[in-house]
Colleague: 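There's a structure below that I have some questions on.
Since the model is a prediction, treat every value here as computed from it, not as a measurement. Sequential numbering from 1 along the given sequence is applied to the chain's residues.
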Amino acid sequence: QVQLVESGGGLVQAGGSLRLSCAASGRTFSSNAMGWLRQAPGKEREFVAAIDWSGISTAYGDSVKGRFTISRDNAKNTVYLQMNSLKPDDTAVYYCAAKGGGGYYFAAYEYNYWGRGTQVTVSS
């Protein structure tokens with residue numbers, strides 16, 4: 001079992017930055033691929049970023065490439081999402097997700113464990 005708790009969301013003006021954190025419990029964190037996905041009202045859950053167990057391989061959704069950076073600290077059982085140049089379209093609930101195994105994953109259905117989410121609101 002892996003339990004995930006997100007933090008760091010909030011209200012920010014367009015062009016600003018936020019750093020989300022996801023703290024994981026469980027001894028298997030370092031062997032899990034991790035991801036960030038988001039869901040805006042009335043929309044499907046959208047892939048944002050993913051990272052493999054080592055932190056070496058990462059992937060990003062097209063809408064956030066060049067603005068967001070995913071990273072992880074396995075010693076702290078934490079994964080991060082640095083979000084820069086935020087836009088109103090980035091407004092959503094951001095979820096941290098985990099899946100055992102190598103590589104990284106894009107689709108929501110591929111993840112085994114989910115946090116409760118943290119709200120990010122970007123004002124224009």
Side-chain angles (χ1 to χ4, degrees):
Q1 283 284 345
V2 177
Q3 292 186 330
L4 305 172
V5 179
E6 304 94 337
S7 62
L11 174 63
V12 64
Q13 288 189 329
S17 297
L18 282 174
R19 188 195 197 200
L20 305 184
S21 298
C22 173
S25 64
R27 293 178 295 172
T28 61
F29 172 79
S30 61
S31 64
N32 278 271
M34 302 295 297
W36 287 97
L37 296 91
R38 68 187 181 186
Q39 190 164 19
K43 295 188 177 181
E44 293 186 355
R45 199 161 292 191
E46 175 191 16
F47 171 75
V48 175
I51 190 167
D52 75 340
W53 70 271
S54 70
I56 295 176
S57 296
T58 59
Y60 297 92
D62 288 342
S63 62
V64 306
K65 280 180 183 176
R67 300 188 297 122
F68 290 11
T69 303
I70 188 171
S71 61
R72 67 190 295 163
D73 185 338
N74 286 342
K76 295 183 178 180
N77 280 11
T78 302
V79 63
Y80 305 98
L81 185 69
Q82 178 66 43
M83 307 186 295
N84 299 328
S85 302
L86 283 161
K87 305 174 182 179
D89 284 350
D90 295 318
T91 296
V93 177
Y94 283 70
Y95 296 91
C96 175
K99 176 179 170 59
Y104 47 70
Y105 303 90
F106 300 97
Y109 72 84
E110 295 182 288
Y111 288 93
N112 303 119
Y113 304 103
W114 291 86
R116 294 193 173 202
T118 185
Q119 177 70 46
V120 171
T121 303
V122 184
S123 63
S124 58

Colleague: Minimum heavy-atom separation for Ser17 to Asn84, with atom names?
Modeller: OG-OD1, 2.9 Å
Colleague: Is Tyr60 close to Ile70 at the side-chain level, that is, under 4.5 Å between some pair of heavy atoms?
Modeller: yes
Colleague: Identify whether Leu37 and Tyr80 are in the same connected component of the hydrophobic contact network (ILVMFWY, side-chain heavy atoms under 4.5 Å).
Modeller: no
Colleague: With the side chain counted from C-beta on, respond yes when Leu20 and Met83 share a heavy-atom pair under 4.5 Å apart, and no when they do not.
Modeller: yes
Colleague: So, using ring-ring contact (aromatic ring centres under 6.0 Å, His included) as the criterion, who are the partners of Tyr113 when residues are at least two apart?
Modeller: none
Colleague: If you compare all heavy atoms of Ala14 against all heavy atoms of Pro88, which two are closest, and at what distance to 0.1 Å?
Modeller: CB-CD, 4.1 Å
Colleague: So if you build clusters from Ile, Leu, Val, Met, Phe, Trp, Tyr with side-chain heavy-atom gaps below 4.5 Å, do Trp53 and Tyr111 land together?
Modeller: no
Colleague: So how far is it from Cys22 SG to Glu6 CD, rounded to the nearest 0.5 Å?
Modeller: 5.5 Å
Colleague: Look up atom CE in Met34 and atom CG in Asn74, then write down how far apart they are to the nearest 0.5 Å.
Modeller: 9.5 Å
Colleague: Would you confirm whether Arg72, through its side chain, and Asp52, through its main-chain N or O, come within 3.5 Å as a donor-acceptor pair?
Modeller: yes
Colleague: Return the OH to CG distance between Tyr94 and Leu81, rounded to the nearest 0.5 Å.
Modeller: 7.5 Å
Colleague: For residues Ser123 and Leu11, report the shortest heavy-atom separation together with the two atoms involved.
Modeller: CB-CD1, 4.3 Å
Colleague: In this structure, would Val48 and Leu86 fall into the same cluster of hydrophobic residues linked by side-chain contacts under 4.5 Å?
Modeller: yes
Colleague: Considering all heavy atoms of both residues, which atom of Phe29 and which atom of Ala24 are nearest to each other, and what is their separation?
Modeller: CD1-CB, 3.3 Å
Colleague: So does Asp90 pair up with Lys87, basic N to acidic O under 4.0 Å?
Modeller: no
Colleague: Would a single hydrophobic cluster contain both Val79 and Val2, if residues Ile, Leu, Val, Met, Phe, Trp and Tyr are joined by side-chain heavy-atom contacts under 4.5 Å?
Modeller: yes
Colleague: Take a 6.0 Å sphere around CD of Gln3 and say whether it holds more than 12 heavy atoms from other residues, nucleotides or ligands.
Modeller: no
Colleague: Distance from Asp73 atom CG to Ser30 atom OG, nearest 0.5 Å?
Modeller: 11.5 Å
Colleague: Could you tell me the separation between the NZ atom of Lys99 and the OH atom of Tyr109, rounded to the nearest 0.5 Å?
Modeller: 9.5 Å
Colleague: Yes or no on side chain to side chain contact (heavy atoms under 4.5 Å, CB included) for Cys96 and Trp36, after CA distance, side-chain angles and deciding distance?
Modeller: CA-CA 5 Å; Cys96 175; Trp36 287 97; 4.0 Å; yes
Colleague: Under 4.5 Å between any side-chain heavy atoms of Thr91 and Gln119, yes or no?
Modeller: yes
Colleague: Any non-hydrogen side-chain atom of Ser63 less than 4.5 Å from a side-chain atom of Asp89?
Modeller: no
Colleague: Return the minimal non-hydrogen interatomic distance between Ala98 and Asn32, and the atom names on each side.
Modeller: CB-OD1, 4.1 Å
Colleague: With rounding to the nearest 0.5 angstrom, report the CD to OG distance, Gln82 to Ser21.
Modeller: 9.5 Å
Colleague: Mind listing the closest non-hydrogen atom pair of Tyr104 and Ala59 along with its distance?
Modeller: CE1-CB, 3.4 Å
Colleague: Hey, does Tyr95 have a side-chain heavy atom less than 4.5 Å from the side chain of Leu4?
Modeller: no
Colleague: Students often mix this up, so state it plainly: with edges at 30° and 60°, are the rings of Phe106 and Phe47 parallel, tilted or perpendicular?
Modeller: perpendicular
